[in-house]
Amino acid sequence: MFLQFKEQVTSILDNAIKSAGFEVDDIVLEPSPHADIASRAAFGLASKAKQNPKDIAEKIAAAVTIPDGSYVEKIGTTGPYLNITASRKYVDETVVRIRDEKTGFGGGFCTGSIMMEHTSANPNGPLHVGHIRNSVIGDTLTRILKHAGYDVEAQYYVNDMGRQIAIVSWALSQFEFDKSKKSDHAIADVYIKANADLEEHPEKVAEIDKLMQLVESGDDATINSFDEAVSLAVSGIRKTLLRMNVIHDKFVNESNFIRNGAVSRIVDEIKATGRTEIDKGALVVDLSDYGFEKTLVIQRTDGTSLYTTRDLAYHEWKGEQAERMIDVLGADHKLISGQLKATLNAIGKPEPEIVIFEFVSLPEGSMSTRRGKFITSDDLFDQIEEQAYIEVEKRRPEMTNEFKKEVANVVGMGAVRYDIVKVSPEKSTVFDWKTALDFEKQGAPFIQYAHARACSILKKAEDDGIWDSDTEVDPSVLVEDTEVALIKKMALFDKVIDQSARELKPHIFAIYARELADAFNQFYRFVPVISAEEEDMRTNRLALVDCARIVLANTLDTLGIGAPEAM
RNA sequence: GGUCCCGUGGCUUAGCCAGGAUAUAGCAUCGGGCUUCUAACCCGGGGGUCAAGGGUUCGAAUCCCUUCGGGAUCGCCA
């Protein structure tokens with residue numbers, strides 16, 4: 001809705017600038033606390049026209065012609081700023097469209113296909129609290145892009161043949177696997193033991209090297225033992241992801257690209273560019289013209305491939321299937337992903353767009369699966385749900401145990417996701433239990449509570465026989481400040497989807513979610529709905545509550561957070 | 001040592017890419033509000049040299065340089 005408003009503003013201002021005798025440049029529309037949208041076009045025009053920006057703004061405002069039926073009410077000035085106010089029609093139509101379009105409101109304006117890759121943690125243990133930053137960012141982005149209209153396929157790239165997996169496979173033959181534990185946790189146990197053992201007895205490393213050569217040459221027994229190790233870890237990881245409501249359409253195994261010959265084909269393609277040479281027995285690529293001083297190794301001395309080599313083949317394959325590729329990766333992948341892009345570019349293949357997030361560390365240092373220094377996501381989820389249960393117990397002691405458990409689950413998982421997604425990915429963070437388990441006031445529960453309130457009002461109205469969602473309404477009677485503010489906030493939905501999809505920044509959307517809930521809560525406190533004096537007013541306010549319910553549910557769904565009807 | 005990211009009230013954080021109107025919120029703190037649709041809420045107060053220094057500009061949290069602090073990374077791990 002806001003996108004259409006913005007388009008109209010652009011066209012009106014373009015015309016006004018022209019008829020005021022200036023040359024149209026960038027009209028620089030920006031949000032403003034003083035208007036529905038503001039332009040500081042006058043600043044830019046001032047230097048060119050050698051006039052005072054304030055005079056320019058006034059001349060432009062005087063030249064404004066607003067067509068009938070516009071979403072624009074008026075364009076005024078405050079000093080050099082052009083302040084644009086939306087019309088009543090804009091407000092009314094927002095209500096009508098939300099009721100018509102429901103979950104489709106504010107979306108579907110983009111087209112194209114995207115391959116999204118996220119999480120892709122090594123199957124050598126459970127997801128820890130750092131990995132899920134990747135999952136939450138990736139899954140939220142997927143949801144945002146889908147809402148914008150893109151056809152998105154989310155993939156988990158499974159490293160089923162790296163050195164770590166060779167160690168896991170070897171570990172399973174050396175140490176006892178605890179079947180009573182969740183499989184990914186039990187895998188981590190033997191993996192940690194194996195690493196300690198290898199450190200103590202370096203001569204055993206040769207056994208790992210041997211396994212890697214066997215798997216790459218296609219030895220069935222070795223491949224099967226790798227598969228077994230990987231599937232134990234992956235099945236546990238999938239349970240964790242499911243619990244967070246993170247959805248992958250496909251799990252793609254790295255080994256596919258060895259077995260179908262794609263890796264050796266791409267190595268040949270790279271060789272054909274004349275960029276490769278043998279350096280100390282390894283095959284390396286020269287990417288100095290892309291700004292990389294050091295060469296990139298794509299084949300070990302023993303002829304086996306590396307992660308990067310397989311990743312090149314994977315990206316070549318993805319690039320054939322979709323118009324865009326997006327990878328969500330940790331900060332440790334900055335350099336390697338740049339080299340990957342350069343290499344793909346050098347052989348004339350499409351490159352992925354990379355979303356980097358900074359690390360989550362522990363107070364005592366960075367996390368490491370190998371050394372057993374990590375906090376598992378499963379532990380975090382268990383504890384937060386326990387904490388959430390206590391909160392529900394406090395507030396709704398009269399409800400059934402089943403209700404409390406359900407709410408604790410939806411509130412707990414929502415809190416985890418929201419806490420992660422609300423922070424811009426370039427901030428590195430330190431995990432600590434105290435803040436992780438603290439239900440921050442304006443976090444997920446705040447947004448979920450707003451939704452539950454809306455549902456509760458509608459339910460009561462339905463029970464009282466005063467509300468039917470098919471009722472025709474006339475939103476023009478909704479004139480209270482908090483009502484208009486709420487409607488205008490809902491109208492921004494498309495703009496926020498558009499911006500976060502364009503910039504690949506899910507935190508922008510998370511912040512909007514909080515503001516939307518805030519606008520609803522203020523309306524709720526200030527304006528009576530069911531107890532409104534006139535019937536007409538009551539009906540229209542109920543319609544507004546219904547709109548808020550729809551947009552809040554939409555917003556929560558886009559964040560991958562449950563929208564409880566009661567809590 | 002080179003490269004990249006971050007540094008905003010006691011704590012967490014938006015804004016920075018596309019420089020402009022009193023720097024955004026939350027937590028904590030102080031005060032007010034439930035006989036009225038769920039108070040996981042609402043209203044108000046106090047609290048900021050936007051790490052430091054320099055530069056560009058009519059104008060810098062935002063752009064450039066230097067320094068300091070934290071994180072990441074620098075070929076046969078991923």
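Small disclaimer: the values here were computed from a predicted structure and weren't measured.
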Listed nucleotide nearest any side-chain atom of A:S366, set B:C42, B:A72, B:U8: B:A72
In B:G75, glycosidic geometry as syn within 90° of 0 or anti otherwise: syn
Which nucleotide in B:G75, B:A72, B:C37 has an atom nearest any side-chain atom of A:A331: B:A72
Residue A:E426, side-chain heavy atoms: nucleotide from B:C6, B:G75, B:C42 that is nearest: B:C6
Sugar-phosphate only, base, or nothing, as touched by A:D279 at under 4.0 Å among non-hydrogen atoms: base
Watson-Crick or G-U counterpart of B:G20, or none if no pair lies under 3.5 Å: B:C58
Heavy atoms from other residues, nucleotides or ligands near CZ of A:R371 exceed 12 (cutoff 6.0 Å): yes
Stacking of A:Y81 on B:A21 base (centres under 5.5 Å, planes under 30°): yes
Aromatic stack A:F43/B:G20: centroid gap under 5.5 Å, interplanar angle under 30°: yes
Distance-only donor-acceptor test (3.5 Å): side chain A:N124, base B:A78: no
Nearest-neighbour nucleotide for the A:K427 side chain, B:G71, B:G7, B:C41 considered: B:G7
Check: A:L559 main-chain N/O paired with A:R417 side-chain donor or acceptor under 3.5 Å: yes
Which atom of A:P123 lies closest to which atom of A:V158, heavy atoms considered: CG-CG1, 4.0 Å
Modelled atom types, side-chain donor and acceptor of A:N253 and A:S255, under 3.5 Å: no
Closest to the A:L306 side chain, choosing from B:A72, B:A78, B:C37: B:A78
